[in-house]
Amino acid sequence: MSIVVTGATGALGRLVIEELLKRADPGDLVAVARDRAKAADLAARGVEIKIADYGRPETLQGVFAAGDRVLFISGNEAGQRLTQHRAVIDAAREAGVGLLAYTSVLGGPTATFSIAEEHIATEQALLASGVPYCLLRNGWYHENYTGALATTLKIGAVVGSADDGRVATAARRDYAEAAAIVLTGSGHENAVYELSGDTAWTMAEYAAEVSRQTGRKIPYNDLPPERYVALMVEAGVPALGAQMVADADAGIARGELAATPGDLSRLLGRPTTPIAESIAEALKQLPA
């Protein structure tokens with residue numbers, strides 16, 4: 001039996017592998033990636049590498065084995081994910097995996113923004129498959145916002161379309177640690193975890209914290225969705241992606257990403273990382 005992480009060379013997958021290496025022998029870990037070269041550093045540390053692509057179902061054959069515990073990190077190709085995800089679920093079922101933990105979205109079937117649609121359909125397919133599952137319904141990452149700090153400081157404002165809605169973010173490493181705990185622990189079969197930060201904040205509060213830490217006056221400019229989409233497209237974001245981001249902001253405005261049930265901090269056994277801490281870390285990474 002192995003612990004398998006799909007999407008292992010992505011931002012979340014790499015952090016999960018790092019957390020697993022603290023808890024398990026490298027020889028018990030399998031990293032699934034599309035590019036062997038990108039996983040070379042993991043192989044050098046004793047992690048087994050398997051090459052597969054969600055979009056090529058034939059490559060998934062033999063990736064999983066009976067009894068494996070698998071972290072199934074959702075794909076990133078909007079509009080293609082459900083077909084790809086079904087291929088992963090089918091391969092896991094055929095292999096007889098012991099647990100398939102899927103990174104879904106906070107709120108699951110109650111979420112109405114477009115990014116959630118393929119997650120909801122994937123959850124339905126997973127539950128129908130009969131494979132022992134664990135739904136890791138991840139909320140938004142701090143990095144969704146701190147990753148744009150260079151642009152925020154360049155234009156002198158935080159921009160969005162979330163109005164005064166609250167969002168309960170947590171650091172990506174928090175979600176990664178929780179996934180590693182589930183994969184190496186017991187009693188998580190057929191469980192559902194609503195994972196989010198301990199504190200929900202508004203975009204105006206985020207802008208105020210950026211202002212405090214930089215000593216600059218950084219306001220939050222709330223834009224109509226169509227203007228926000230146009231601004232993102234002008235900056236080079238693909239139109240579909242821009243529309244989905246703006247639609248998620250509308251979900252935030254409706255309160256759909258504000259839940260703080262505490263599942264994440266309970267799994268971690270500690271409070272989630274405060275947004276202020278991640279802002280400080282991100283600012284340190286910016287050029288002087």
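Side chains included, hydrogens not; waters and symmetry mates left out as well; all remaining heavy atoms used.
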Distance from R56 atom CZ to I51 atom CD1, nearest 0.5 Å? 10.5 Å

Indicate yes or no for a side-chain donor-acceptor contact from R173 to the backbone of E19 under 3.5 Å, with no hydrogens or angles considered. no

Can you find a pair of side-chain heavy atoms, one from R14 and one from T9, that are under 4.5 Å apart? yes

Donor-acceptor contact present, side-chain D222 to main-chain A162, <3.5 Å: yes

Test item: V4 and V97 side chains (from C-beta on) under 4.5 Å apart, heavy atoms: no

When rounded to the nearest 0.5 Å, the distance separating CZ of R212 from CD of E205 is 13.5 Å

Stepwise side-chain contact (heavy atoms from CB on, under 4.5 Å) test for S104 and T122: CA-CA 8 Å; S104 190; T122 299; over 6 Å; no

For H119 and A111, indicate whether the former's side chain and the latter's backbone hold a donor-acceptor pair under 3.5 Å. no

Got a sec: does the CZ of R93 have more than 12 other heavy atoms crowding it under 6.0 Å? yes

Mind telling me whether Y54 and H85 have parallel, tilted or perpendicular rings, with 30° and 60° as the class edges? perpendicular

Could you check whether any side-chain heavy atom of T112 comes within less than 4.5 Å of a side-chain heavy atom of E256, counting everything from C-beta outward? yes

Treating Ile, Leu, Val, Met, Phe, Trp and Tyr as nodes and any side-chain heavy-atom pair under 4.5 angstrom as an edge, say whether V30 and V70 lie in one connected cluster. yes

Could you pull out all residues at least two apart from V192 that satisfy side chain to side chain contact (heavy atoms under 4.5 Å, CB included)? Y133, L135, R137, E194

Begin with the C-alpha distance, continue with both residues' side-chain angles, and end with the deciding distance and a verdict on side-chain contact (heavy atoms from CB on, under 4.5 Å) for D263 and R266. CA-CA 5 Å; D263 286 3; R266 280 191 290 272; 2.7 Å; yes

Between P225 and A246, the two heavy atoms sitting closest are O-CB, 4.2 Å

Could you check whether atom CZ of R23 has more than 12 heavy atoms from other residues, nucleotides or ligands sitting under 6.0 Å from it? yes

Spacing of OG belonging to S161 relative to CD1 belonging to I252, to within rounding of 0.5 Å: 10.0 Å

Stepwise ring pair (Phe, Tyr, Trp, His ring centres under 6.0 Å) test for F113 and W140: CA-CA 13 Å; F113 48 91; W140 263 211; 5.7 Å; yes

With side chain to side chain contact (heavy atoms under 4.5 Å, CB included) as the test, pick out the partner of L60 among T6, D53, V88. V88

Go through the steps for K22 and E177 under the test salt bridge (charged side-chain N to carboxylate O under 4.0 Å, His left out), then give the verdict. CA-CA 10 Å; K22 299 175 184 177; E177 184 177 343; over 6 Å; no

Side chains of L153 and R216, heavy atoms from C-beta outward: is any pair under 4.5 Å? yes

Would you mind reporting whether D174 and L195 have side-chain heavy atoms less than 4.5 Å apart? no

Mind telling me whether Y206 and Y145 have parallel, tilted or perpendicular rings, with 30° and 60° as the class edges? tilted

Taking every non-hydrogen atom, the tightest pair across A178 and L264: CB-CD1, 3.6 Å

Would you find a donor on one side and an acceptor on the other, under 3.5 Å apart, between the side chain of R166 and the backbone of A200? yes

Before giving the answer on side-chain contact (heavy atoms from CB on, under 4.5 Å), spell out for V237 and V245 the whole-Å C-alpha distance, their side-chain angles and the decisive distance to 0.1 Å. CA-CA 10 Å; V237 178; V245 169; 5.8 Å; no

Would you confirm whether S2, through its side chain, and D68, through its main-chain N or O, come within 3.5 Å as a donor-acceptor pair? no

Considering all heavy atoms of both residues, which atom of P109 and which atom of E123 are nearest to each other, and what is their separation? CD-OE1, 4.0 Å

Validation row: R36, I49 side chains within 4.5 angstrom (heavy atoms): yes

Carefully, step by step, assess E18 and R45 under the rule side-chain contact (heavy atoms from CB on, under 4.5 Å). CA-CA 11 Å; E18 290 298 328; R45 298 170 70 183; 2.5 Å; yes

Pairwise side-chain contact, E94 with Q61, heavy-atom cut-off 4.5 Å (strictly under): yes

Under 4.5 Å between side-chain heavy atoms, hopping through other hydrophobics if needed: is there a path connecting Y220 to I279? yes

Do Y102 and I120 belong to the same hydrophobic cluster, where Ile, Leu, Val, Met, Phe, Trp and Tyr are linked whenever their side-chain heavy atoms lie under 4.5 Å apart, directly or via other members? no

Can you name the nearest heavy-atom pair linking V131 to A92, along with the distance? CG2-C, 4.5 Å

Under 4.5 Å between side-chain heavy atoms, counting indirect links through other Ile/Leu/Val/Met/Phe/Trp/Tyr residues: same cluster for I275 and I218 or not? yes

Would you check if the side chain of T152 reaches a backbone N or O of V158 as a donor-acceptor pair within less than 3.5 Å? no

Please answer: with hydrophobic residues joined when any side-chain heavy atoms are less than 4.5 Å apart, are L99 and I3 in the same cluster? yes

Just how far is it from atom CD of Q84 to atom CZ of R81, taken to the nearest 0.5 Å? 9.0 Å

In terms of heavy-atom contacts, A116 and V105 come closest through CB-CG1, 3.8 Å

Value for CD1 (I115) from CD (Q243), rounded to nearest 0.5 Å, stands at 11.5 Å

Would you say the side-chain atoms of T103 pair up with the backbone N or O of S74, donor to acceptor, closer than 3.5 Å? yes

Quick one: closest heavy-atom pair of L106 and G139, and the distance? CB-CA, 3.8 Å

Counting C-beta onward and ignoring hydrogens, is there a side-chain heavy-atom pair between T169 and N144 closer than 4.5 Å? no

Do Q285 and E281 have side-chain atoms, one donor and one acceptor, less than 3.5 Å apart? no

Below 6.0 angstrom between ring centroids: does that apply to Y141 and Y175? yes

Rounded to the nearest 0.5 Å, the CG atom of L183 sits from the CG atom of L136 at a distance of 8.0 Å

